[in-house]
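Below, chains carry the letters A, B, ... as their sequence lines are ordered, and counting in each starts from 1.
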Number of protein chains: 2
Amino acid sequence: MHDEALLRKILIANHQKITKARLTVFNLLRSKEPQAIASIIAGCKGEVDRVSVYRVLDLYEKLGIVKRVNIGWKYKIELSDAFLDHHHHASCLGCGKVMSVMENGELEALIEKLSAKSGLTMTSHVLELYGYCYACDTNTKNRT
Amino acid sequence: MHDEALLRKILIANHQKITKARLTVFNLLRSKEPQAIASIIAGCKGEVDRVSVYRVLDLYEKLGIVKRVNIGWKYKIELSDAFLDHHHHASCLGCGKVMSVMENGELEALIEKLSAKSGLTMTSHVLELYGYCYACDTNTKNRT
DNA sequence: CATCAAATACAACAAAATTGCATTAAGAAT
DNA sequence: ATTCTTAATGCAATTTTGTTGTATTTGATG
Ligand SMILES: [Mn+2]
Ligand SMILES: [Mn+2]
Ligand SMILES: [Zn+2]
Ligand SMILES: [Zn+2]
């Protein structure tokens, strides 16, 4: 099923209307991930009001359509695992580029084990890597 | 070396003054971790102004004395690995309790490997587990 | 197409974070 | 110890971010 069809299905199943605001925000999220709220609001300028963006995102979070992910100490929004495969992020502290790190069975298993040991019934987890991408790393080394 | 001596050493090495505000914030951070900014500001009431708390924390972050960690979609502040052993967090979505998950060689090695594969020269990483603690999990199950 | 509730825009508000500046105090100089 | 210098602080004002109230609009339904 393609993304928008799934979105419609989820909205209908939850007795929510399919509106211009909701479709606009959804398509923005599909275009680039993850995004800061400010960036989504900017992308909606003229189309959807600031307040409505917040309300759409609240709904989407409640319905599990989006999730908040932490990039550095700020959060950004991205589509949930129902739309994107489970993954983690590797962020460059130099240029801000965010790369996806795809699921790795060994790692996920280890995280499961860890959570069991910690006494937590884990429902989700977040792993973020920080450092410098090849380009930024090279630049840094070349500086005198 | 005990914590405050290390703090003083770092401040002096960076030509920063040792002030009442900086010591107060530092000791609050030592008392409990991790803490929301609001909680630090509250802990400083009457002692240090709100604005100064922000400025002290900015400095501390720049100097690597504290780091921001994400608990849910909000960040909290805790002392850096120079003061605390490297660890991760397991947070209960029910009651908000945060447990420390101590470093695990196997996991850390795997994360190193992962970052290498992603092409990032990793300088740090964050792993957060979310779920329900034993008490909250039991409560949830007992609900009709 | 008529109906009706849900969703939206806009204004007002509240909370969180930042900036500008006069005053204070930490550390250096004497 | 006292004076000097400037970084650090407190306080007021401002900006930014997020929320709430409500009249109007819009999407679903028959
Ligand atoms: Mn992503
Ligand atoms: Mn911690
Ligand atoms: Zn980069
Ligand atoms: Zn709990």
Side-chain angles (χ1 to χ4, degrees), chain A residues 4-29 34-63 65-78, chain B residues 4-5 7-29 34-63 65-78 96:
Chain A
E4 197 179 300
L6 177 55
L7 171 74
R8 285 170 184 274
K9 197 179 132 189
I10 296 174
L11 287 175
I12 290 166
N14 288 277
H15 318 293
Q16 300 294 322
K17 294 182 177 169
I18 292 159
T19 66
K20 179 172 140 302
R22 286 170 183 170
L23 290 173
T24 304
V25 169
F26 180 78
N27 285 315
L28 260 174
L29 286 172
Q35 282 185 74
I37 287 213
S39 143
I40 300 171
I41 290 171
C44 286
K45 197 150 73 176
E47 303 251 352
V48 182
D49 186 78
R50 236 166 60 77
V51 175
S52 299
V53 171
Y54 279 109
R55 293 203 261 229
V56 167
L57 290 175
D58 280 352
L59 175 71
Y60 280 5
E61 205 181 0
K62 234 174 281 165
L63 300 185
I65 292 166
V66 303
K67 58 179 179 178
R68 307 191 195 211
V69 301
N70 304 117
I71 303 295
W73 55 273
K74 295 189 174 161
Y75 69 85
K76 298 191 173 188
I77 307 281
E78 75 174 7
Chain B
E4 195 178 299
L7 171 75
R8 285 171 184 273
K9 197 179 130 188
I10 296 174
L11 287 176
I12 290 167
N14 288 277
H15 319 293
Q16 300 294 322
K17 293 180 178 173
I18 293 159
T19 67
K20 178 172 139 306
R22 287 170 184 172
L23 290 172
T24 303
V25 170
F26 180 77
N27 285 315
L28 261 174
L29 286 172
Q35 284 185 72
I37 287 213
S39 143
I40 300 171
I41 290 170
C44 285
K45 196 149 74 178
E47 303 251 353
V48 182
D49 186 78
R50 246 170 61 76
V51 176
S52 299
V53 172
Y54 280 109
R55 292 201 264 228
V56 167
L57 290 176
D58 280 352
L59 175 70
Y60 280 5
E61 204 182 2
K62 233 174 284 168
L63 300 184
I65 292 166
V66 303
K67 58 180 178 178
R68 309 191 193 211
V69 301
N70 301 116
I71 304 294
W73 54 273
K74 295 188 174 161
Y75 69 85
K76 298 191 172 187
I77 307 280
E78 75 174 8

Inset, instruction - Walk me through it: do A:N27 and A:E4 pass the test side-chain contact (heavy atoms from CB on, under 4.5 Å)? - result: CA-CA 8 Å; A:N27 285 315; A:E4 197 179 300; 4.0 Å; yes

Legend entry - Minimum side-chain heavy-atom gap A:Y75-A:I37 below 4.5 Å: yes

Inset, instruction - To the nearest 0.5 Å, tell me how far B:K9 NZ sits from B:I18 CD1. - result: 13.0 Å

Inset, instruction - Under 4.0 Å between any heavy atoms, over every strand shown, what does A:V48 touch: base, sugar-phosphate, or nothing? Just pick one. - result: sugar-phosphate

Legend entry - Interatomic distance where CD belongs to A:E61 and P belongs to D:dT19 [whole Å]: 11 Å

Inset, instruction - Starting from P on D:dT17, measure out to CD1 on A:I37 and report it in whole angstrom. - result: 11 Å

Legend entry - Distance in angstrom units between A:D58 CG and D:dT19 C1', rounded: 10 Å

Legend entry - Distance in angstrom units between B:K74 NZ and D:dG18 P, rounded: 11 Å

Inset, instruction - Mind checking the CD1-CZ spacing from A:I77 to A:R68? Nearest 0.5 Å is all I need. - result: 5.5 Å

Legend entry - Neighbour count above 12 (heavy atom, 6.0 Å) for B:K20 NZ: yes

Legend entry - Spacing of A:I41 atom CD1 relative to D:dT17 atom C1', expressed in whole Å: 8 Å

Legend entry - Within residues 15-25 of chain A, residues whose heavy atoms come under 4.0 Å of DNA chain C: A:Q16, A:K17, A:T19, A:A21, A:R22

Donor-acceptor contacts, no H, no angles, side chain residues 45-60 of chain A, under 3.5 Å, sequence neighbours left out:
residue	atom	partner	partner atom	Å
A:D49	OD2	A:V51	N	2.9
A:Y60	OH	A:R22	O	2.6

Legend entry - Between P of D:dT17 and CZ of A:R50, the distance in whole Å: 9 Å

Inset, instruction - List the steps and the verdict of salt bridge (charged side-chain N to carboxylate O under 4.0 Å, His left out) for B:E61 and B:K67. - result: CA-CA 6 Å; B:E61 204 182 2; B:K67 58 180 178 178; over 6 Å; no

Inset, instruction - Check A:C44 against A:L28 and note the closest heavy-atom contact, atom names and distance. - result: SG-CD1, 3.5 Å

Inset, instruction - Take A:A38 and A:R55, find for each the nucleotide of DNA chain D with the closest heavy atom, and name the residue whose nucleotide sits nearer the 5' end. - result: A:A38

Legend entry - Length of the line joining A:D49:CG and D:dG21:C1', which is rounded to integer Å: 14 Å

Legend entry - Distance-minimising heavy-atom pair for A:G72 and B:N70: O-OD1, 2.9 Å

Inset, instruction - At the 4.0 Å heavy-atom cut-off to chain B, mark where contacts on DNA chain C begin and end, going 5' to 3'. - result: C:dA16 to C:dG27

Inset, instruction - In whole angstrom, give the distance that lies between atom NZ of B:K62 and atom P of D:dA7. - result: 14 Å

